Every structure is written in C-alpha cells, then in structure tokens.
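Notes follow once the structure below has been shown.
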Amino acid sequence: MFDKVLIANRGEIAVRIARTCRDLGIRTVAVFSDADRQSLHVRMCDEAVRIGPAPSSESYLVAEAILAAAKQTGAQAIHPGYGFLAENAAFARLTTEAGLAFIGPSSAAMELMGDKARAREMAERASVPTVPGTPPIEDAAAASAAAEAIGFPLLVKATAGGGGKGMRLVEDAAALPGLFDQARSEAMASFGNPAVILEKFIELPRHIEFQIVADHHGNVVHLLERECSVQRRHQKLIEEAPSSFLDEELRSRMGAAAVSLASEASYRNAGTVEFLVDPDRNFYFLEMNTRLQVEHPVTELITGIDLVELQLEIASGAKLPFVQADIKPRGAAMELRITAEDPFDNFVPSGGRIRYLREAEGPGIRNDSGIATGSEVTPHYDPLIAKLIVAGDDRQQVLARARRAVREYQIDGVFTTLPFFSRMLRDDRFVANAIDVSFVDRHWMSEMAVAPIARHEELLEVALAAAAVSKASPAIREGGVPAESSRWKRFGLEDQLGNR
Ligand code: MV4
C-alpha cells in the first residue's frame, strides 16, 4: 500500500478521500488554489501545496502543477476524485510516466470509454444491449439514409459528448439535416471533434447505473445499482440504491451485462456502467464512467464497502477481497446533493459566506461535506457543497429519515437545494418512484416550485429558518439570507426579513 497520496481535487470529494487515507494510515497531500487556502480539504490533509490562482483552468486543471506538487512532496500516487482531471486520459498517462500510480483505470480505457461510438462497439462485442443506432456519420445525406432504418424520433449525439452537449432530438425526417449540422457544429465547438452518431430516442427512460470494481488479476464484480432519475438538465439531484424499479431477475441480467462490458474492455479499478431503462423494462447501455462518482456513498451504505479503500487496494495490486456471491444489499440508501443554487430561481448559483452550518444527525445519517461555518462558496467551482446521505432498512424508512434530516439541516448564507428536497421527498410521484429522467424538468418550475404550501410541516420549516436568521447573533444577521429572494416572497416572509 502507498505511504503518501496526493488528492488532485477540492471540496467534499477531497475531504472524503482524505478520510479513508487517514483510516488506512496513508499520509495525504492536498492541492489548493488561492480561493481555497482556508478550505476544509486543506485542513483535512497532512500537507498542502498551492497550485495557482482561483480559476480552475489555472489551478485544478493544470496537470504540470499537480505533478510538480506530487514530486515535491514525495507522493506515490494521485487520486483524481471526480471532475477536473479525473477523466483526462493524458493526465493519467503523464502520472504513470512520472512513476506515480494513478488511482483509476488505464489511460487507454479512459480514451475508449470517452468515445461514445467506440464504447458502443465494445458493448456490442460484450453482448450488452445498446440503443439501435449507427457508427459515426459524416454528412446529412448519409444521416437521412441511416435514419430510415432507425425511425423517428431519434437523437443525434456527439461521440465525444456528455451532459447533453452536442445532442439534438429529431422528431421527423424534415428536421434531420438542420439538426444534424447543429449537433456537429456544437460538438466541434465544445469538444474539438465534430463526430456524431444517430440513436433511436428512448422515451420516458430511467437512468440506472451499475457500480463495478475490477482488479489487476482479471476479477470483476458489480456492486449493484443506483437509480439516478431525479436530474435537472443532466445534473443529478437525488440518487438511490437499490432501484425499486428493478426486480431480482432484471438486476441480475443488468449486473452481468455491466461485468461483461468491463471484462471485455480489460477495465481496472472502480467504474460505472450507465443504462437507460424504458417503461417496458428494456435496458440499453448508455456510457461508462471511468472514475469514482459523486453518488458512490449510496453503494457504500448498502454494501458496507469503502470504495475509496478498494480503489487504493486495487491500484496497489491487491486482489478483490470478495466474489460476486458475497455481494448482498443491506437495506436502502439515498443521497441528496446539496448545491449552492436557488431552486426557486432556476437553480442560479448562489455564492457567499456560510454564516451558520448545522448538519443533520441521528440514525441513518452520513454527511459528506466540503464546507464548515465560515467557508466561502465561490463561483469559480462546481456548486456542490455537501451531500446528505441517508440509510435505512427499506426505502420507506429512508424517506422518513430524509424528510427529518432535511428539516434539521441548516445552512445560512447561501441558497441551497434543501427546499427542493423538502418538496420532492413529499411528492406522491417520487414517493411511488413513478418518475423518469425528465420529471424535474417537466414538473419543478411549472408546478412544484410555485404550489401553495399545503403542509404545515413545510411552512414550519421555512418559519424556523426565518426565525433562525432574525434571532441570530448580529454577525449572523448581517449576512444571513438575502431578503430579496424570490423564495421568501413566495412564502410571504419578506416583511419579517426586510429589517434584518
Ligand atoms: C438518450 C436518451 C434517450 N434515448 N439516448 C442525456 C445525456 C447523455 N449522457 C445521454 N442522455 C440521454 N440519452 C437515447 N437513445 C435520453 C437521455 C437523457 C438522459 C439520460 C440520462 C439521464 C438524464 C437524461 C435526461 C434527458 C435525456
């Protein structure tokens, strides 16, 4: 095992990785930008190296600065976390060329899975179902010919894409040439690669993904699924394990498909195989993520496995300490992504100083947080500030604990997604898991965010938050929650808050 690991990230995931390293007696090196000099992840590590000014393009994305920090501190391995350089194959290659271990897959596997067309081919070779579609297509005429075989509606997707960039929904043949060209231009502008493929459009799908782990000895095991259908504009908000949409038979077929794909690709380390599942329970390979994911804690809570520990063990050459038959889920878990965004104002990012923080506690609660009272939330980075993860015997207990935890959780100084969760956790359709990937985009702004408060529970929550602001110490009151917010107006509380 390594003696010293550099964590090439910030925020909650850097803190998360540092914790496991501490458990294992591994010393940690933090890297930080000027905006993060005082940040929690710096305080949690044994050493810290400044890598540049606040913009991530001049700090967390600069491979040379991070490798220099590793060299300077004598770190033997680099954990990239997620985002930033985590899926950058060139960075993985530079890391190994510098004689350091990259806590992740090979750069070749990252390149393969980063290309949608090649990943599709790999899935077909592994007999994993894919959406009916095409290899890369160069011009609009060829696209029209190929579209006949697929039918409409269909999607044009950038092979280098992700998060919906370079993607166009095409309703009929007449619209194809224009949208095909648009997708190519956007792909070129966003990824420097204009290649696109066509795929049949799967309507009302769920996003269900399988966690896999693979060692350097040919062993591959899946650690069950996560249901991630609560998303807004391709940003996940809530993830759960297990998915109540799957029965044992489907779970076992999808898990076997995920393992088969990872084996066929000679994949190593932890990874995630994403599927779309249609209302008739047909599943289709979507893409594979070659990193630890934001939502990994729900898998940890139902399996009892520390995924970061496993990643470190795998990277240092150990064999998986279990086989597939050992993996049995215990209970259920749900993650709520607390971001500094205003859910009542189109999720616009909200920056500022955290004047007061009180995390939820009690049975079934895990907090993976990157902030503390006094932290600055800057617009330079991703708005994810903390994750509230809830475990229980079954989904019903998890929902009850999650409602309790959201009510208890207090963050003053920035707007957060907590009120979004407060409503979602009480929505009949979410409670019945009768949703799909566009549920939030279809129902939140138009209906849920503006509905009158029907439940006194929620009114009480808002009133308590308002009281906390107005009764707080002068220092807290001064910053507090901006009174002009649409949220307070919506609740009719602007008068109480006006004179803070
Ligand atoms: C799809 C699809 C329906 N049919 N592909 C969106 C981002 C990219 N990673 C893949 N995405 C989708 N691909 C076919 N053939 C619907 C989506 C999609 C989606 C997928 C996963 C999670 C959320 C989503 C939200 C909207 C659309």
Side-chain angles (χ1 to χ4, degrees), residues 82-83 87 113-121 123-124 128-137 143 146-147 149-171 176 179-180 182-183 186-187 190-191 193 195-210 225-241 243 245-246 254 258 261 271-291 293-295 335 337 347 424 430 433 435-445:
Y82 55 72
E87 285 169 291
M113 294 305 174
D115 181 323
K116 282 194 168 53
R118 287 180 64 202
R120 254 184 83 96
E121 276 171 35
E124 282 161 13
V128 174
T130 55
V131 184
T134 70
I137 292 186
I150 296 171
F152 293 92
L154 59 75
L155 283 174
V156 185
K157 285 185 179 180
T159 64
K165 270 241 178 75
M167 195 165 88
R168 288 292 183 281
L169 175 61
V170 187
E171 302 278 2
L176 181 59
L179 292 169
F180 179 86
Q182 274 182 30
E186 190 171 307
S190 302
F191 313 111
N193 175 0
V196 295
I197 59 174
L198 305 187
E199 273 187 9
K200 178 178 138 96
F201 180 60
I202 306 299
E203 306 205 40
L204 303 178
R206 288 161 176 282
H207 172 136
I208 298 177
E209 59 187 29
F210 275 71
E225 78 280 6
R226 297 183 285 257
E227 160 100 49
C228 309
S229 299
V230 179
Q231 319 209 352
R232 179 189 168 271
R233 304 202 181 157
H234 308 296
Q235 295 296 319
K236 294 169 187 165
L237 287 157
I238 302 179
E239 305 96 346
E240 298 182 53
S243 166
F245 192 70
L246 301 189
M254 291 177 73
L261 176 68
T272 297
V273 182
E274 296 186 351
F275 297 101
L276 290 178
V277 184
D278 74 16
D280 297 327
R281 292 170 200 276
N282 299 302
F283 70 90
Y284 308 92
F285 168 71
L286 194 57
E287 51 196 73
M288 181 167 187
N289 298 319
T290 57
R291 56 177 154 82
Q293 295 204 221
V294 177
E295 58 271 27
E335 174 179 277
R337 293 194 189 190
F347 290 81
M424 192 58 93
F430 175 71
N433 196 21
I435 58 161
D436 64 88
V437 295
S438 50
F439 182 84
V440 176
D441 290 319
R442 281 204 314 273
H443 298 295
W444 174 252
M445 272 303 185

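Small disclaimer: the values here were computed from a predicted structure and weren't measured. Numbering of ligands and ligand atoms starts at 1, following listing order.
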Practice problem: Kindly say whether N282 contributes a backbone atom to a donor-acceptor pair with the side chain of D280 at under 3.5 angstrom? | Solution: no
TODO: Return a yes/no value for H234: is any of its N or O atoms, backbone included, closer than 3.5 angstrom to an N or O of ligand 1?
DONE: no
Interatomic distance, OG1@T159 vs CG@N193, rounded to 0.5 Å, equals 4.5 Å
* Strictly under 4.0 Å, does any heavy atom of E287 approach an atom of ligand 1? -> yes
re atom 17 (C) of ligand 1, the protein heavy-atom contact at minimum distance is M167 CE, 4.4 Å
Heavy-atom nearest pair, E124 first then T130, reads OE2-OG1, 3.3 Å
Heavy-atom closest pair (L179 atom, L169 atom, distance to 0.1 Å) is CD1-O, 3.4 Å
- Query: Are E274 and ligand 1 in contact, using a heavy-atom cut-off of under 4.0 Å?
  - Reply: no
Ligand 1 to G164, heavy atom cutoff 4.0 Å, flagged ligand atoms 7 (C)
On a heavy-atom basis, the closest approach of V437 and R206 is CG1-C, 4.0 Å
N or O pair under 3.5 Å between K200 and ligand 1: yes
Mind checking whether E203 has a heavy atom under 4.0 Å from ligand 1?
-> no
- prompt: Do any N/O atoms on I202 end up under 3.5 angstrom from N/O atoms on ligand 1?
  reply: yes
Looking only at protein heavy atoms, what sits closest to atom 14 (C) of ligand 1 is L155 CD1, 3.3 Å
* To do: Return yes when atom CZ of R281 has more than 12 non-hydrogen atoms of other residues, nucleotides or ligands closer than 6.0 Å, and no otherwise.
  => yes
- Spell out, as yes or no, whether a donor-acceptor pair under 3.5 Å connects the side chain of D436 to the backbone of S438. yes
Quiz item: Is there a heavy atom in S438 that sits closer than 4.0 Å to ligand 1?
Solution: no
Note: heavy atom closest to atom 21 (C) of ligand 1, options K157, R232, H207, belongs to H207
Atom 22 (C) of ligand 1 has as its nearest protein heavy atom Q231 NE2, 3.2 Å
message: What I want to find out is whether R226 reaches E239 closely enough, with some N-O distance under 4.0 Å, to be called a salt bridge.
response: no
Discussion item. What verdict does the salt bridge (charged side-chain N to carboxylate O under 4.0 Å, His left out) test give for E287 and K116, after you've listed the backbone C-alpha separation in whole Å, the side-chain angles of each residue and the deciding distance to 0.1 Å?
Written reply: CA-CA 7 Å; E287 51 196 73; K116 282 194 168 53; 3.4 Å; yes
If we number the atoms of ligand 1 from 1 as shown, the ones under 4.0 Å from a heavy atom of L276 are 1 (C), 2 (C), 3 (C), 4 (N), 5 (N), 14 (C), 20 (C)
Out of V437, D441, V131, L198, the nearest non-hydrogen contact to atom 24 (C) of ligand 1 is supplied by V437
For this session: Answer yes or no on whether R120 is positioned over the face of F285, meaning its NZ or CZ is under 6.0 Å from the six-membered ring centre and within 45° of the axis.
Result: no
Taking only non-hydrogen atoms of F201 and a 4.0 Å limit, the atoms of ligand 1 in range are 3 (C), 4 (N)
